[in-house]
Amino acid sequence: MKYSLVGLGVPAVLALLTACAAGPGGGGKGPDGGPLPQPRQVFVSPFGELFVSEAGEPYPVAAWFADADADSDGRLTADEFAADGQRWFARLDQDADGIVGPAEIFAYERMVDATFASVGGMGGMPGRPGGGRGPGAGRGGPSAGGQMNLDDDQSGSPMGGGQDGPPMGGGQEAPSPAAPRAQPYRSGTERLARAGLLSVPQPVRAADRNADQKITPDEWVAAGERWFMLLDQDHDGVLTLESLPKTAVQGGRGGGRPPRR
């Protein structure tokens, strides 16, 4: 699902998100005295893919799970989990050279910023949905949870390149002042951590074990194995939706366990 940008960074918005983070009935009152409606919210998969629910729809962790559960049996195996990671790695690797390099990491981070801007604050405020893959995308997924798409190319959007940095995709990295640098990503780390199962500040960069600003297939596979091991708390080799930890956005508190690095 594609979204236009909505620049919302008002303290009142953040207060509304806090009230709504636990979903309907979370303690806040609407104008009619009833519970505040559940806002649009963001879920970040263990590999860093972003899913967005529409206002009033369930938290989109279920959309990710249904999409990754290839045989729709309600059980996510290590192989299915790894396949979901490989699919997303291929999307990140826009020039198809087998490496997720600095420009591609940078473009992902710009997409993250745009996504959270489109829903507001930490991940729940009405924006303007556009076209694209839409809610329930994937293998029989629920009605919530449109995937944020790296192919977005909106006027002024981070994925369109423009004047703010290199575009997502193939070709040489332009020698620009806005070109990616070997420096930490800070602007979206808290939001990514709060919307993820394992509170990882930047899941894509986390796979870069030697910190060379390039993620190889071997690094990506190793990261996926770490994430699965951390999520498989009973060590039975299978994940279920019910067994997953809650994110901070979903639970309204501390969310998932921090990963052992």
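Sequence positions, counted from 1, serve as the residue numbers for this chain.
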Asp79 meets the side chain to side chain contact (heavy atoms under 4.5 Å, CB included) criterion, sequence neighbours left out, with Thr77
Heavy-atom closest pair (Pro60 atom, Gln41 atom, distance to 0.1 Å) is CG-O, 3.8 Å
- [ ] Indicate the ring-plane relationship of Phe43 and Trp64, choosing parallel, tilted or perpendicular according to the 30° and 60° boundaries.
- [x] tilted
Residue pairs passing the ring pair (Phe, Tyr, Trp, His ring centres under 6.0 Å) test with at least one member in residues 189-214, sequence neighbours excluded, are none
Heavy atoms of Gln213 and Asp208 approach each other most closely as N-OD2, 2.8 Å
For Gln86, the side chain to side chain contact (heavy atoms under 4.5 Å, CB included) test, sequence neighbours excluded, returns Trp220, Val221
Legend entry - Whether Tyr108 and Trp88 hold their rings parallel, tilted or perpendicular, with breakpoints at 30° and 60°: perpendicular
Residue set satisfying side chain to side chain contact (heavy atoms under 4.5 Å, CB included) with Asp218, at least two apart, ordered chain then number -> Thr216
Heavy-atom nearest pair, Pro217 first then Gly98, reads CD-O, 3.2 Å
Those residues at least two apart in sequence (or on a different chain) that pass side chain to side chain contact (heavy atoms under 4.5 Å, CB included) with Thr189 are Tyr185, Pro201
So CD of Glu242 and CZ of Phe65: to nearest 0.5 Å the spacing works out to 7.5 Å
Minimal heavy-atom distance between Gly74 and Asp69, with the atoms involved, is N-OD2, 2.7 Å
Tightest non-hydrogen contact, residues Val200 and Trp227, listed as CG2-CH2, 4.0 Å
Query raised in the report: Arg191 versus Thr115: any side-chain heavy-atom pair under 4.5 Å?
Result: no
CG of Leu231 to CG of Leu244, rounded to nearest 0.5 Å, is 6.0 Å
Check your understanding: Got Glu80 and Leu239 here, is their nearest side-chain heavy-atom distance under 4.5 Å?
Key -> no
- [ ] Could you tell me whether Arg205 and Glu109 make a salt bridge, using a distance below 4.0 angstrom between a side-chain N and a carboxylate O?
- [x] yes
> Any donor and acceptor pair, going by atom type alone, linking the side chain of Gln94 with main-chain N or O of Ala103 inside 3.5 Å?
Replying inline: no
Taking the side chain as every heavy atom from C-beta outward, state whether Asp234 and Ser243 have any atom pair closer than 4.5 Å. no
- So, do Arg194 and Val249 sit near enough that their side-chain heavy atoms are less than 4.5 Å apart? yes
The reported gap from CG in Asp113 to OG in Ser118 (rounded to nearest 0.5 angstrom) is 11.0 Å
| Does some side-chain heavy atom of Leu192 sit less than 4.5 Å from a side-chain heavy atom of Leu50? | yes
Taken in chain and number order and not counting sequence neighbours, the residues that satisfy side chain to side chain donor-acceptor pair (under 3.5 Å) with Asp212 are Asn210
TODO: Go through the steps to decide whether Val61 and Thr247 satisfy the test side chain to side chain contact (heavy atoms under 4.5 Å, CB included), and finish with yes or no.
DONE: CA-CA 9 Å; Val61 61; Thr247 70; 6.0 Å; no
So CD1 of Ile215 and CG of Asp93: to nearest 0.5 Å the spacing works out to 10.5 Å
- [ ] Report yes if the side chains of Arg87 and Asp67 come closer than 4.5 Å at any heavy-atom pair, otherwise no.
- [x] yes
In short, Arg75 meets Thr240 closest at the heavy-atom pair CG-CG2, 4.5 Å
Here the gap from Leu197 atom CG to Gln250 atom CD, rounded to the nearest 0.5 Å, amounts to 8.0 Å
task = Group every Ile, Leu, Val, Met, Phe, Trp and Tyr by side-chain heavy-atom contacts under 4.5 Å, then state whether Val238 and Leu230 land in the same group.
result = no
Rounded to the nearest 0.5 angstrom, the CZ-CZ distance for Phe47 and Arg91 is 15.0 Å
